[in-house]
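Because the structure is predicted, anything quoted here is derived from the model rather than measured. Residue numbers begin at 1 in each chain, while the letters A, B, ... track the order of the sequences.
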Amino acid sequence: MLILILLHALAALTALALGRRLGPRVFLVAALAPLVSVGLLAGRAPGVLDGRPVDEALRWAPSLGLVAAFRLDGFALLVGGLVAGIGVLVMVYASAYFHRGPAVGRAAALLVAFAGAMLGIVLADDLLLIYVFWELTSITSYLLIGIEDQKGSARAAALHALLVTGGGGLAMLGGFVLLGQEAGTYRLSEILAAPPSGGLVGPALALILVGAFTKSAQFPFHGWLPGAMSAPTPISAYLHSATMVKAGVYLIARLAPAFAAAVAFWRPTVVLVGLATMLLGGWRALRETDLKLLLAYGTVSQLGFMTTLFGVGLPEWTFAGAAILLTHALFKAALFMVVGIVDHQAGTRDLRHLGVLWRALPMTAAVAVVAAASMAGLPLLATFPAKEFAFEAALHGGLGRLDPVLAVGLVGGSALTAAYAFRFAWGAFIGGRGAQPTTAKPPARALLGPALVLSALSIALGVAPVLADKVVAPAAQALHADASGLHLALWHGITSALVASAIAVGVGVVLFVRRYAVVRLQRRLQVLPPASAVYARAIERLLHGADLVTGFVQNGSLPIYLGVILLTAVMLPAAHLVAGGSLPQQWVVAETPMQALVTVLTIGAAIGTAVAARRFVAVLFLGGVGYGVAVLFVIQGAPDLALTQFLVETLALVIFVLVLRHLPERFGGSPSRRSHVLRLAVAGIVGVFVTAFALVAAAARTGESVSEEFLARSLPEAGGRNVVNVILVDFRAIDTLGEITVLGVAALGVAALVRTKVDDDT
Amino acid sequence: MIVLLAVTVGALYAAGVYLLLQRTLTRIVIGLAVLAHGANLLLLLAGGRAGRAPIVDGEAGRVADPLPQALALTAIVIAFGVSAFLLALAHRSRRQTHDDIVQDDVEDRRIARMARGETHR
Amino acid sequence: MRVLLPLPIVLPLLAAGLSLALYRHVRLQRALGITVLGAVLAASVALLVEADTTGAVTTQVGGWPAPVGITLVADRFAALVLVVSEAMLLAVLVYAIGHPGTRDHAGVFHPVYLVLAAGVAGSFLTGDLFNLFVSFEVMLTASYVLLTLGGARDQVRTAMTYVVVSLLASTLFVTAVALIYAATGTVNMADLSVRLAELDPATRQALGLLLLVVFGVKAAIFPLFFWLPDSYPTAPTPVTAIFAGLLTKVGVYAIIRSQTLLFPSDGPSTLILFIAGATMLVGVLGAIAQNDIKRILSFHIISQIGYMVMGLGLFTVAGLAGAVFYILHHIVVKTTLFLVGGLVEHRAGSGSLRHVTGLLHRTPLLAVLFLVPALSLAGLPPFSGFAAKLALVQAGMDADRFLVVGVSLVVSLLTLFSMTKIWAGVFWGRPSSVARAGAGAGAARVPLMTGATALLAAGSIAIALAAGPVYDISRRAAADLLTPAILVDKVLPR
Amino acid sequence: MTPERSLILHRAVEVVFPIALVFAVFLLFAGHNAPGGGFVGGLVAGAAFVLRYVDGGSTEVRRAARVHPETLVGTGMAMAAITGAVGWLGGGSFLESRKLSIDLPLLGTAKTTTSLPFDIGVMLVVVGLVVMILRTLGSESHK
């Protein structure tokens, strides 16, 4: 199965390379990868449908839990087949949809890369591997939505989609890791076989649900999906209706059987979120006049439907979910393709400008009407038996307080679905208020063909549900071991489910007939801000917040930087020193009167440097400090050090003078009183801290220093009496080597700075 | 440790820090130099009490710890080299701007202004 | 193997002297630089192999036994970081040979670059606290000169901040060494490991935190980072790239080394985890506020340092393994990103998001070269950053430190946001008609620059593909770090 | 360069300069056994060049030190590094010192170690730095 993924990657690279030469035909080349996948899946299908899943694992970074484990079971076969099959059709469609241009190769490459990633999600049997492919679909989706990158709206929509789904993905990663640690494995099949029950399973699943909800555009994260419609239609058809948005649903379907009952919040949360999404999406779809947006909200609604069905986590529900997943993919992809054809041939996709298209585009209209009818849940079309099954489950009950909510919600949602399906089909193809005589030319065969295939399938599965049953039943059994015995049927007799279906369609008809009243009502009822506005405000807040924080901490002023560094250096250790440091037992104030005298003079000179107002005076005081310290070195017993200090100080004075001669005599600018006090305070704190720390550190010493060794070895082993010099040139010669390197580089730097011409001299 | 010397070290640090927290590069360099003196003195103090110079001549008596002396010597010379570079930098800055005031970072100030709502992106 | 140990320090130093003598022979300087860094890379790989088989390679410089002479140590951690660093130094040198900004000042650039290489290697390999100070100074002095290469006004202004902050940090380093010597009477790290453990906890912790601040300035952790985004962006691209890749990581390395070898009894630390979280957040928010590629990337350096520090704060094998892995990945990725930033500036004449758009249509290859490290930086799969982040997330969850894990995930999203800002601003959109870079642009050798960048991007992918073995060795390195006794026994004579 | 340059100073510097240089070399050699060494020697020699500078500006320094300061620095660094490498190439560890005996005219045979050439390298670098500074920062051409 890894080979399939790699094949897609290879196809993507090929498309990228050949895009310029082949033009839109490059999509046909790219279509080879999903085509091979269809073949391969079909080849494995018999065994899998019999309940014998195929496993495959490749160790990537096992100690991190990263294992490329794949598993093809009935459910994976269903979803994977859809991904690959619709992938082929979309590519064919795209080869006629796109015009020759620089972006074609990129679009084909990204589309096939996406197909590979999506296939990866479905086939992966490892939580982390799912995450890998999950984020890959987010990235490819980002690049695909923004493929027309010169449009600002496309860029913004791409970012919106990426942030929401990518963010959800990160939450999901957190959840995966938690779940993996509770279970002791990341292998999905093992976790599902023996679900962990530790205290962190709840939080883990909550995080995973966030990821699933964002990806499947569930309320309140749904705002990105309509925006993503700014992508070219083949992309919308594939990513944002048939495949990627189903990733979240897919994950819920996988996890629900194991956790829906065990985790208290799962069922109410998922069911309520799903229903809310279903109703909200359907409601919004009733209002849209852009056919593509209408379908987008319809997709949101249908995703809510599937989330609800799978979320319950019981066999009948799961079975219904799998059936809807299949039929939705068929009709929704067809509908998107039709919208693309309309847009392509009629030059608009606005309902207000369209009407009676069946005259100009009879075949297209037929395809559209069949697909829309399937969406509406009319009999003899694929969705009907699936929906029946769902109503059956809903009316069957057994979920306590959720029962009435589910029944009403699902029927209501289906009514809305029927209403916008009618509106779609009527408004553009059959009747239509615009009734503008369109001069649309018939579409190319490659444009219509794929939609035709899909609609034909909708009819076939509607007439003979047993065909759908062949794949749906094993899919449900793969999720639920005890889902056997459930089957789709054309006719169940006059059951309560049939009544529910009739009610849904009937209410749908009423809503459709009274559509203008509905729109007026919608305008009046708008209380919640649209999701996209919430997102926009969040981004604005983030940007402003970033400016605020950065403006505060990164204020560009060197004195403040230095002050913060110094205070940090004092505060962190000081806390411990005050808490537990001990001062020395014996106090020696000074060893000789001479030493006392020199210290006083040195301190005086140091104060002098700080208060001097003239540069030269300050430098002279600095010299005083240096010489004072040198004398202290002598007293301490360090003649080499003292000599060096004397000479260095002298040379430093000379350099100072060389530089200062070009600068004003006095220091410029008088800082404010407040900053003066602040500086004094910091200076005082640092001074006290260093003194105190020095005393504490010295008091903490217990043993002798390593210098005993130096004194002992210097003459006999290194042949020198001056131990300091021996240390410098022998014991620790590599220090000295580094030190002269510093000198050398500094010399080079000085020369470069002084000699390089000053270009921007003012 | 000798208290008076520890106090001297503290005083040098204080004076150095006071000079450091200003905008004139000359003062900053002087401040860093005073700080370096303080650090070197501290290094020497870390070796303990005073003693005879660590030169092996067969005489008895307490010998000063040679290692901190060697370390301090290295530190002094390094500080000298780097200060020379910093002064060359001041020299070049003077040639470019005719002063040795350390300016605030331009981009940082712009963002700070933006955060206060004084300018827009 | 012991014989090879001083090589990464000494060979570049010797070559730097030679390169200085070849001041006017740029071709020879280039050949010398490439040869020497190539040899050092080979030696480093040999050291890594040896370190991984025996645990650690050690040698005493000058043949003087441990507390007397200076110890050089290449344990797994040091050798790993060394190998990656030398590879970066080599790749960036190739880039620099093509880059106009460094070509114009080749006479100074080449010797100083080699000194930088020596300083970095010294900082990784030394087993002596004061020698670490000296190595830092070697590296920093070289960085001062490289930062002001060309001496433009902006560079001089920002270099002042950089040099002064570094000097203050160096002074604090000397202060810390002095205080540690006062308390213990030694500067050999193995010896210190033993002697510090005998100190009273208060004094020891105070010393540990002072050292943390000292290295924290170099590593640019919160709240000591401000100098970095002000100074890095002004230098010529190759210089910024190697600074971004290596210098802060030397700081992180020193933090990890000192906290595990010298102060192991004081971790795990909520303080360090707090620092880690704050560093991540402040860095990424800073990046979001910027409008120039190099400045955005500079803030990301800070943010990413937070992840490495997080691994240390957890103070478990898994946490430190994550930190080590993160360092390796980040060195490669960050260097690549800056090199791409340089190529953008070269192609478009500016790195400002306000002036450059639509580069995707002019140079699709560059767009790909950006996308790989950018997504990796944000920790997205299947790139190296994902494995690195995953390791840390797992370690954090294992240690029940959920808050910092949460922060790390949020920051990951913000990083992605900020990367898309560059992508959407620079690569997407109508191609801008900005003229090519002005002075010296004609002298650029773009294939050389692009080639070096592509090689590094491939390196990032290679780390991702080899995540298993790389993580395993990181884990062994982390286990060593948490058992300092191993190193102490190897270094100190018994 | 400077027209009002003092003749007395000039003569004094002419006398002191060589003495200072000799003293610097003495310090270098004495360093292993008494206070002194490469750094101190180099600094004293540097101070001697400062005297030349005081006497006649950077031109005078240029006249006194004919060698390029870059060469001094480079040679010094290389000398120190190569000295370090001698012991290493001989199979010992890097910077391992070896005993040397040198026949010096007038002074007879001196017994010393390889740390002497190392220290000479140190001295050259220090002198190079000082001369470099005097010739660049001290130059009058950048008013």
Side-chain angles (χ1 to χ4, degrees), chain A residues 547-548 550-551 554-559 562-563 587-591 596 599 602-603 606 609-610 615 618 622 625 629 636-639 641 644 648 655 659 662 667 679 683 686-687 690-691 694-695 698 705 707 710 714-715 721-724 727-728 735 739 742-743 746 749-750 753-754 758, chain B residues 1-4 6-15 17-21 24 26 30 33-34 37 41-42 44 50-56 64-67 69-70 72-74 76-78 80-82 84-85 87-88 90-92 94-96 100 102 104-105 108-109 111-112 114-115:
Chain A
D547 283 350
L548 272 181
T550 310
Q554 186 76 24
N555 71 355
S557 158
L558 181 61
L562 296 175
W587 292 76
V588 184
V589 177
E591 282 170 312
T599 54
T602 310
I603 294 174
T609 58
R615 287 172 205 268
L622 172 64
V625 175
V629 171
Q636 192 75 6
L641 199 53
T644 312
V648 162
I655 302 173
V659 173
H662 302 299
F667 291 110
R679 281 207 308 273
V686 173
V690 172
T691 304
L695 293 172
S705 84
S707 290
F710 291 117
S714 183
L715 188 57
R721 292 179 185 278
N722 181 354
V723 184
V724 174
I727 293 175
L728 285 174
D735 272 355
E739 177 188 354
V742 169
L743 289 187
V750 169
L753 277 179
V754 178
V758 177
Chain B
M1 185 165 286
I2 300 125
V3 175
L4 204 50
V7 171
T8 311
V9 169
L12 291 182
Y13 272 82
V17 165
Y18 181 80
L19 281 161
L20 203 57
L21 299 180
T24 321
T26 313
I30 294 175
V34 175
H37 288 323
L41 194 55
L42 181 63
L44 202 66
R52 285 185 304 109
I55 291 172
V56 187
D65 191 340
L67 184 57
Q69 298 187 13
L73 205 152
T74 307
I76 290 173
V77 178
I78 287 179
F80 170 67
V82 178
F85 180 82
L87 282 167
H91 178 75
R92 189 171 178 89
R94 200 272 315 162
R95 279 160 67 200
Q96 284 170 331
D100 65 340
V102 181
D104 279 355
D105 192 81
D108 290 342
R109 299 314 304 164
I111 286 167
M114 217 153 59

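- Note: Leu44(B) leads Leu44(B), Ile78(B), Val34(B) in heavy-atom pairs under 4.5 Å with chain A.
- Here the closest heavy-atom approach between residue Thr691(A) and residue Gly10(B) is recorded as OG1-CA, 3.2 Å.
- For Val690(A), the part sitting under 4.5 Å from any heavy atom of chain B is the side chain, from C-beta outward, and nothing else.
- Ile655(A) CD1 to Phe85(B) CZ: the interatomic distance, rounded to the nearest 0.5 Å, is 13.5 Å.
- Counting heavy atoms from C-beta outward, Leu743(A) and Val77(B) have side chains that approach closer than 4.5 Å.
- The choice from Gly81(B), Ala33(B), Ala14(B) that makes the most heavy-atom pairs within less than 4.5 Å of chain A is Ala14(B).
- For chain B, the option among Val589(A), Leu728(A), Leu562(A) with the highest count of heavy-atom pairs below 4.5 Å is Val589(A).
- Across all non-hydrogen atoms, the minimal contact from Leu12(B) to Val625(A) is CD2-CG1, 3.6 Å.
- When Ala53(B), Ala11(B), Ala64(B), Ala84(B) are compared by the number of non-hydrogen pairs under 4.5 Å with chain A, Ala53(B) comes out ahead.
- In terms of heavy-atom pairs under 4.5 angstrom with chain A, the leader among Leu41(B), Leu20(B), Val82(B), Leu87(B) is Leu87(B).
- If you measure heavy-atom distances from Leu19(B) to chain A, the contacts under 4.5 Å come from the side chain alone.
- Nearest approach of Ile2(B) to Ala590(A), heavy atoms of both residues: CG2-CA, 3.5 Å.
- Using a 4.5 Å cut-off between heavy atoms, Thr644(A) contacts chain B through its side chain alone, with no backbone atom that close.
- Among the candidates Thr609(A), Thr550(A), Leu558(A), Thr602(A), the residue making the largest number of heavy-atom pairs closer than 4.5 Å to chain B is Thr609(A).
- Between chain A and the residues Asp65(B), Leu21(B), Val9(B), the most heavy-atom pairs under 4.5 angstrom are made by Leu21(B).
- Of all heavy-atom pairs between Ala15(B) and Ala606(A), the closest is CB-O, 3.6 Å.
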**Prompt:** Could you walk me through whether Thr26(B) and Val659(A) pass the side chain to side chain contact (heavy atoms under 4.5 Å, CB included) check?
**Reply:** CA-CA 9 Å; Thr26(B) 313; Val659(A) 173; over 6 Å; no

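- Leu67(B) has its side chain out of reach of Ser705(A): every pair of non-hydrogen atoms, C-beta onward, lies at least 4.5 Å apart.
- Side-chain N or O atoms of Gln636(A) include none that pairs as donor or acceptor with a backbone N or O of Gln69(B) at under 3.5 Å.
- Interface residue Val724(A): backbone and side-chain heavy atoms are both found under 4.5 Å from chain B.
- Side-chain atoms of Leu753(A) and His91(B), non-hydrogen and from C-beta on, never get closer than 4.5 Å to each other.
- Here the closest non-hydrogen pair linking Ser714(A) and Val56(B) is CB-CG2, 4.5 Å.
- Remark: the Thr74(B) side chain and the Asp735(A) side chain contain no N/O donor-acceptor pair separated by less than 3.5 Å.
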**Request:** Report the C-alpha separation of Thr599(A) and Val7(B) in whole Å, then their side-chain angles, then the decisive distance to 0.1 Å, and conclude whether the side chain to side chain contact (heavy atoms under 4.5 Å, CB included) test is met.
**Result:** CA-CA 9 Å; Thr599(A) 54; Val7(B) 171; over 6 Å; no

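- Put simply, of Ala610(A), Ala746(A), Gly551(A), the one with the most heavy-atom pairs under 4.5 Å next to chain B is Ala610(A).
- Counting all heavy atoms, side chain and backbone alike, Ala683(A) lies closest to Val17(B) at CA-CG1, 3.7 Å.
- Rounding to the nearest 0.5 angstrom, the gap separating the CD1 atom in Ile55(B) from the CZ atom in Arg721(A) is 10.0 Å.
- Inter-residue side-chain proximity for Thr24(B) and Arg615(A) is flagged as met; some heavy-atom pair is nearer than 4.5 Å.
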